[in-house]
Student: 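Dropping a structure here in structure tokens format, bear with me for questions.
Order of the sequence lines sets the chain letters (A, B, ...), proteins ahead of strands, with each chain counted from 1. Everything numeric in this text was worked out from a predicted model, so none of it was measured.
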There are 2 protein chains.
Amino acid sequence: MSLRMALLGLLTVSGPSSGYDLTKLFERSINHAWQARHSQIYPELAKMADGGLVVIEEEGPRGRKTYAITEEGSRLLREWLLAGESSRSIRDELALRAFLLPTLEPEDAVAVLREAVLSCDAKLDGMEAIRRAQDGKGFGRYALELGMRQTRMFRDWAEETAEEIERSIRS
Amino acid sequence: MSLRMALLGLLTVSGPSSGYDLTKLFERSINHAWQARHSQIYPELAKMADGGLVVIEEEGPRGRKTYAITEEGSRLLREWLLAGESSRSIRDELALRAFLLPTLEPEDAVAVLREAVLSCDAKLDGMEAIRRAQDGKGFGRYALELGMRQTRMFRDWAEETAEEIERSIRS
DNA sequence: TGTTGACGTGTCGACTTTTACATGTCAATC
DNA sequence: GATTGACATGTAAAAGTCGACACGTCAACA
């Protein structure tokens, strides 16, 4: 259901788009909360078209198909968002790694944490670039802000924890 | 692979455990980063036993089986943790909802955000209770701290964003 | 004695997601 | 004229995940 809703959301905001566009949009906007490959997106769009949630608006030149959200699609998205559920199911591989860190020798744990900090910095640079490109306007603004905060928080946690472990090694 | 590593980690820290124990441990410790039901855990343990990563240490009274990590399992976990990868693949349903919020009428968006704040508060209470029960000692300490920070951050973001939207409604 | 609820293990079908394979257009560059 | 790389769409097999079903033990309490 989540993938479907994500696609409906992207179509709402970005207007009619191709599967290819949506794949790119996924990577650029929603990536820190959800991922999907084109091999998942194309069949899902086809199913949604079957169900009347989207329509093929145009079959362009190079076999390109443009999908647009329908009334029914909008209604479904709205209902889903308003139906709380708030289950907060998270899968975060980096956090999992962090959790498993105490099984390592302290020195190794510190090394992994230091590397995580660098990786977060790189990611933050990327997000910053996207933010500048969007220039404050645009849909993904709130979400990007959230993603950056989360990444920054993880980064800081990793750095602090590395220092804490280093202190405990020395003593 | 992640599930497998999570189980190896739990076995490392908590010592020999049954599938049932591991299911509970999952919920109590690692839940904000990864989830698994017993229906996934039992078959995975069986496969891991086949592969020599764990051994059945004891078949207790009520059909209870106790698994222990092997040398090979420890080695695999260590290798996985040290092999950076740092792919940071995240699936966060609440964040996805947050991302889709701007497709709603501002009033609806605010309502959803307010509800998210309450849900985070409840979750934080639960985590706080776990933390008190562990009382600073214990393995999951770092991870719990990270989970709480992440939840608190999301909570604050939701609150701030709700206020920002409300301001823009009024003006 | 019967029932309830925590303990405890497992399977199965449906759905989701990944990885790899497969195909083709078009513009630019060599 | 050939190659390269972005554009563009798809399928299939395998792996991962979830929800429901199914079975059985044991202790406590009514």
Student: Which whole-number value in Å describes the distance from A:L7 CG to D:dT9 C1'?
Tutor: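 Distance, rounded to whole Å: 15 Å.
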Student: State which residues pass side chain to side chain contact (heavy atoms under 4.5 Å, CB included) with B:I56; sequence neighbours excluded, sorted by chain then number.
Tutor: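 Side chain to side chain contact (heavy atoms under 4.5 Å, CB included) list for B:I56, sorted by chain: B:E59, B:K65, B:Y67.
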Student: Quick one: list whatever passes ring-ring contact (aromatic ring centres under 6.0 Å, His included) with B:F26, sequence neighbours left out.
Tutor: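 For B:F26, no residue satisfies ring-ring contact (aromatic ring centres under 6.0 Å, His included) once neighbours in sequence are set aside.
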Student: Please give, in whole Å, the distance from D:dT17 P to A:L96 CG?
Tutor: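 About 11 Å, once rounded to whole Å.
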Student: Grab the CD1-P distance between B:I56 and C:dG10 for me, whole Å please.
Tutor: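 After rounding, the gap between these two atoms is 8 Å.
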Student: Quick one: do B:E27 and B:R37 make a salt bridge, cutoff under 4.0 Å?
Tutor: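 No, this pair does not count.
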Student: Quick one: A:L25 CG to D:dC7 P, roughly how many Å, whole number?
Tutor: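 Atom CG in A:L25 sits about 13 Å away from atom P in D:dC7.
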Student: So, B:D92 and A:R91, do they make that salt bridge, N to O below 4.0 Å?
Tutor: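 A:R91 and B:D92: not salt-bridged.
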Student: Round to the nearest Å and state the distance from A:K65 atom NZ to C:dT23 atom C1'.
Tutor: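 Taking NZ of A:K65 and C1' of C:dT23, I get 14 Å after rounding.
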Student: Relative to the ring of A:F154, is the ring of A:W157 parallel (under 30°), tilted (30 to 60°) or perpendicular (over 60°)?
Tutor: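 Tilted, since the angle between the ring planes falls between 30° and 60°.
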Student: Has A:R97 got a side-chain atom pairing as donor or acceptor with A:L113's backbone, closer than 3.5 angstrom?
Tutor: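 No; zero donor-acceptor contacts below 3.5 Å.
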Student: Under 4.0 Å between a side-chain N or O of B:Y42 and OP1 or OP2 of C:dG10?
Tutor: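 It does not, given that no N or O in the side chain of B:Y42 lies less than 4.0 Å from OP1 or OP2 of C:dG10.
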Student: Taking 4.0 Å as the cut-off, does a side-chain nitrogen or oxygen of B:Y20 come that near to OP1 or OP2 on C:dC7?
Tutor: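 Yes, B:Y20 has a side-chain N/O under 4.0 Å of OP1/OP2 on C:dC7.
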Student: Enumerate all atom pairs, one protein N or O and one N or O from nucleotides 15-19 of chain C, separated by less than 3.5 Å.
Tutor:
unit_1: C:dT16; atom_1: OP1; unit_2: A:M1; atom_2: N; d: 3.4
unit_1: C:dT17; atom_1: OP2; unit_2: A:Q40; atom_2: NE2; d: 2.8
unit_1: C:dT17; atom_1: O5'; unit_2: A:Q40; atom_2: NE2; d: 3.2
unit_1: C:dT17; atom_1: O3'; unit_2: B:R91; atom_2: NH2; d: 3.3
unit_1: C:dT19; atom_1: O4; unit_2: A:S39; atom_2: OG; d: 2.8

Student: Measure CG/B:L45 against P/C:dG8 and give the value in whole Å, please.
Tutor: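 Rounding to the nearest Å, CG of B:L45 and P of C:dG8 are 14 Å apart.
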Student: Can you find a donor-acceptor N/O pair under 3.5 angstrom joining the side chain of A:H38 to the base of D:dG10?
Tutor: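 Yes.
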Student: Could you check how far NZ of A:K24 sits from P of D:dA8, rounded to whole Å?
Tutor: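 Those two atoms, NZ and P, are 10 Å apart.
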Student: Return the value, rounded to whole Å, for the distance between atom CD1 of A:I90 and atom C1' of D:dC18.
Tutor: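 After rounding, the gap between these two atoms is 18 Å.
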